[in-house]
Amino acid sequence: MSGDYRSKFVTPEEAARLAVRSGDWVDYGFGAGFPELMDKALAARKGELRDVKIRGGLVIRPRIEVVECDPEQESFHYYSWHIGDYERKLQSRGLCQFMPMILRYLPDLYRHHIRVDVAFVPVSRPDDRGYCGLGISNYAWRTIFEHARTVVFEINERLPGLQGVDGSHRVHLSEADYIVEGEHEPLPIRTYREPSEIDVAIAKQVVNEIPDGAVLSLGVGGVPFTVAQMLAESDVKDLGCHTGTISDAFFALHKAGKLTNKRKEIDNGYSTWNLAMGSKELYEWLDEEPQLFRPADVDYVHSPDRIAKMKHVISINGGVELDLMGQENAESGGRRQLSGTGGQLDFLEGAFRSEGGKGFICLNSVRKQKDGTLKSNIVPFIPGGSTVSAPRGMIQYVATEYGIAKLSGLSLRERAEEMIRIAHPDFREELERYAKETFG
């Protein structure tokens with residue numbers, strides 16, 4: 001390795017002692033990339049530090065040590081940009097505070113509006129020139145650590161080593177104040193349940209809307225994965241990837257020979273992504289075939305301007321509920337935060353502006369409540385306390401098991417008619433009454 005960075009290598013315990021002060025804001029990153037060693041080392045300073053605030057998001061690990069070791073929150077407070085499964089459990093215990101954001105604006109939050117004192121950045125093993133990859137979470141790391149007082153690189157021997165086209169996923173050891181290494185647990189995996197009959201019914205309709213050469217942005221739910229499986233078995237060809245999170249859905253398309261990226265106007269020949277989340281096989285694919293990918297930061301991947309320059313961008317995401325005007329709640333159940341806005345708005349706008357592009361919100365028409373009764377996911381209006389994640393003017397297509405509603409260019413009354421058409425039959429009469437009273 002060229003250059004001598006040995007003086008920067010310290011133990012995780014030393015890095016936690018040297019880097020973090022009482023009152024600091026410490027960033028842990030996002031998604032499946034997680035600073036495992038630094039988390040444990042910082043947790044060991046419980047009682048010694050006061051009012052240390054940790055930011056993270058979409059954590060799929062089963063445990064965050066600084067939170068679990070300090071349920072009284074004497075030393076540490078945890079904040080999430082996007083609630084994941086584990087963070088929902090922390091939230092119910094009063095141990096996680098949610099911070100709303102739209103993902104494409106996150107770098108500018110760090111540049112202009114919020115403070116970051118310490119960044120714990122997970123990186124892959126360095127090459128012989130001292131360069132590391134950002135593994136499975138490019139996130140907004142470069143912006144964050146360029147604005148941090150202290151930067152700690154945590155070398156994780158299990159991370160894929162890809163560094164991206166033109167260094168789009170690359171950092172250098174010289175950019176860290178401290179460097180730590182050690183043995184890590186296997187990377188956290190994200191699995192998919194078997195698709196339900198309703199997932200299959202929705203996916204079949206959406207697949208019919210996807211042409212050859214489409215550039216896909218797929219969310220991480222059951223319907224997007226089912227769409228990918230169906231595309232893998234279809235006659236559709238030459239699909240592309242420009243997505244916030246690359247997952248096993250894209251791996252399935254690659255194995256079927258469908259993911260060529262050769263019709264993309266931007267990053268031709270490459271799958272473009274910001275985060276990776278999925279199986280061990282997915283991570284091995286990234287490591288073994290780095291020439292297929294252009295991982296990049298939020299500023300690049302989530303830019304609606306860049307997305308709009310590609311033709312036939314198809315964005316597929318899930319929702320919690322939509323009202324008759326087309327307003328969407330993607331992230332809350334009443335006042336309870338379930339996830340976050342994330343990058344959904346970025347790709348809805350990009351697809352809206354793309355020539356031939358389509359943005360789909362996919363959801364079951366109903367959900368079963370604890371008492372066994374059904375509740376419609378298409379509602380007269382988004383109820384008080386719930387979040388409006390996407391405004392009505394940004395929603396193009398809504399898909400349920402009863403069909404696809406195209407809302408672009410429709411009046412309020414026409415939107416209501418389209419939404420009622422794809423609602424569960426048991427609730428259509430009630431929705432029609434409200435629509436007549438409200439929209440004439």
Side-chain angles (χ1 to χ4, degrees), residues 16 19-36 38-43 45-122 137 139-141 143-144 147-149 188 275 277 298 320 329-345 384-389:
V20 183
R21 308 168 187 168
S22 291
D24 275 352
W25 281 95
V26 180
D27 271 85
Y28 270 28
F30 204 78
F34 187 83
E36 177 186 326
M38 289 308 306
D39 176 46
K40 292 176 181 175
L42 185 57
R45 295 191 66 191
K46 178 197 170 185
E48 175 189 344
L49 294 167
R50 288 288 181 271
D51 193 32
V52 173
K53 297 167 284 288
I54 292 100
R55 279 187 291 241
L58 200 58
V59 173
I60 62 173
R61 287 172 51 80
R63 185 176 179 87
I64 303 174
E65 296 294 338
V66 290
V67 179
E68 299 291 359
C69 81
D70 188 19
E72 299 82 14
Q73 301 178 79
E74 295 175 356
S75 294
F76 307 113
H77 304 273
Y78 181 74
Y79 295 76
S80 176
W81 291 119
H82 194 109
I83 302 294
D85 294 344
Y86 168 62
E87 288 155 308
R88 273 195 290 278
K89 297 174 184 176
L90 294 181
Q91 188 177 231
S92 67
R93 295 162 56 194
L95 299 177
C96 174
Q97 297 189 50
F98 174 70
M99 302 173 295
M101 62 90 176
I102 297 170
L103 202 50
R104 72 173 177 267
Y105 295 151
L106 191 67
D108 282 323
L109 273 174
Y110 282 95
R111 290 183 185 111
H112 308 303
H113 302 287
I114 62 176
R115 190 179 102 217
V116 53
D117 298 299
V118 183
F120 291 165
V121 188
S137 183
Y139 184 44
W141 268 130
T143 298
I144 292 170
H147 288 79
R149 182 193 68 228
L275 304 173
M277 194 177 297
V298 165
V320 176
N329 167 18
E331 61 192 271
S332 71
R335 289 172 292 178
R336 186 182 181 217
Q337 192 68 36
L338 301 174
S339 54
T341 305
Q344 187 177 115
L345 283 175
S386 292
T387 304
V388 176
S389 307

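A quick note: this is a predicted structure, and the numbers were derived from the prediction, not measured. When a residue number appears, it is its place in the shown sequence, counting from 1.
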**Message:** Could you measure the distance from the CG atom of L42 to the OG atom of S75? Nearest 0.5 Å is fine.
**Reply:** 9.0 Å
**K46/E65 salt bridge by N-O under 4.0 Å criterion** = no
Run the side-chain donor-acceptor check on residues 94-105: report pairs under 3.5 Å with partners two or more places apart or on a different chain.
| from | atom 1 | to | atom 2 | distance (Å) |
| --- | --- | --- | --- | --- |
| R104 | NH1 | D346 | OD1 | 2.6 |
| R104 | NH2 | E349 | OE1 | 2.9 |

**Prompt:** Measuring from D51:CG to Q73:CD, what's the distance to the nearest 0.5 Å?
**Reply:** 10.5 Å
**Prompt:** Out of curiosity, D24 CG to K53 NZ, how far, rounded to the nearest 0.5 Å?
**Reply:** 8.0 Å
**Asked** Would a distance-only check, ignoring hydrogens and angles, find a side-chain to backbone donor-acceptor pair under 3.5 Å from S137 to G33?
**Response** no
**Message:** Holding to ring-ring contact (aromatic ring centres under 6.0 Å, His included), I want the full list of residues that pass it with Y78, two or more places apart in sequence or in another chain.
**Reply:** none
**Request:** Identify, with sequence neighbours excluded, every residue that meets side-chain contact (heavy atoms from CB on, under 4.5 Å) alongside T387.
**Result:** N329, E331, S332, Q337, S389
**Atom pair CG/CD1 of L106 and I144 - distance to nearest 0.5 Å** = 6.0 Å
**Item:** Sequence-distant partners of P107, side-chain contact (heavy atoms from CB on, under 4.5 Å), two or more places apart
**Value:** R111, A140, T143, V298, D299
**Request:** Could you note down all residue pairs passing salt bridge (charged side-chain N to carboxylate O under 4.0 Å, His left out) where residues 113-122 supplies at least one of them, sequence neighbours left out?
**Result:** R115-D117, D117-R149
**Prompt:** How are the rings of F30 and Y139 set to each other: parallel, tilted or perpendicular (split at 30° and 60°)?
**Reply:** parallel
**Prompt:** So, for E87 and S80, which heavy atoms are closest and what is the spacing to 0.1 Å?
**Reply:** OE2-OG, 3.0 Å
**Item:** Check against side chain to side chain contact (heavy atoms under 4.5 Å, CB included), F34 and F120
**Value:** CA-CA 9 Å; F34 187 83; F120 291 165; over 6 Å; no
**Request:** Would you give the length of the straight line joining atom CZ of R55 to atom CH2 of W81, rounded to the nearest 0.5 angstrom?
**Result:** 6.0 Å
**Request:** For residues V116 and Y110, determine if any side-chain heavy atom of one lies less than 4.5 Å from a side-chain heavy atom of the other.
**Result:** yes
**Shortest non-hydrogen contact between C69 and P71, atoms and distance** = C-CD, 3.5 Å
**Asked** At their closest point, which heavy atom of L58 faces which heavy atom of I83, and how far apart are they?
**Response** CD1-O, 4.4 Å
**Request:** Please name all residues satisfying side-chain contact (heavy atoms from CB on, under 4.5 Å) with E48, sequence neighbours left out, ordered by chain then number.
**Result:** R45
**Asked** Do you know which of V26, I64, L49 makes side-chain contact (heavy atoms from CB on, under 4.5 Å) with F76?
**Response** L49
**Message:** Contact between L90 and E68 at the side-chain level, heavy atoms closer than 4.5 Å - yes or no?
**Reply:** yes
**Asked** Are D27 and V118 side-chain neighbours, meaning at least one heavy-atom pair lies under 4.5 Å?
**Response** no
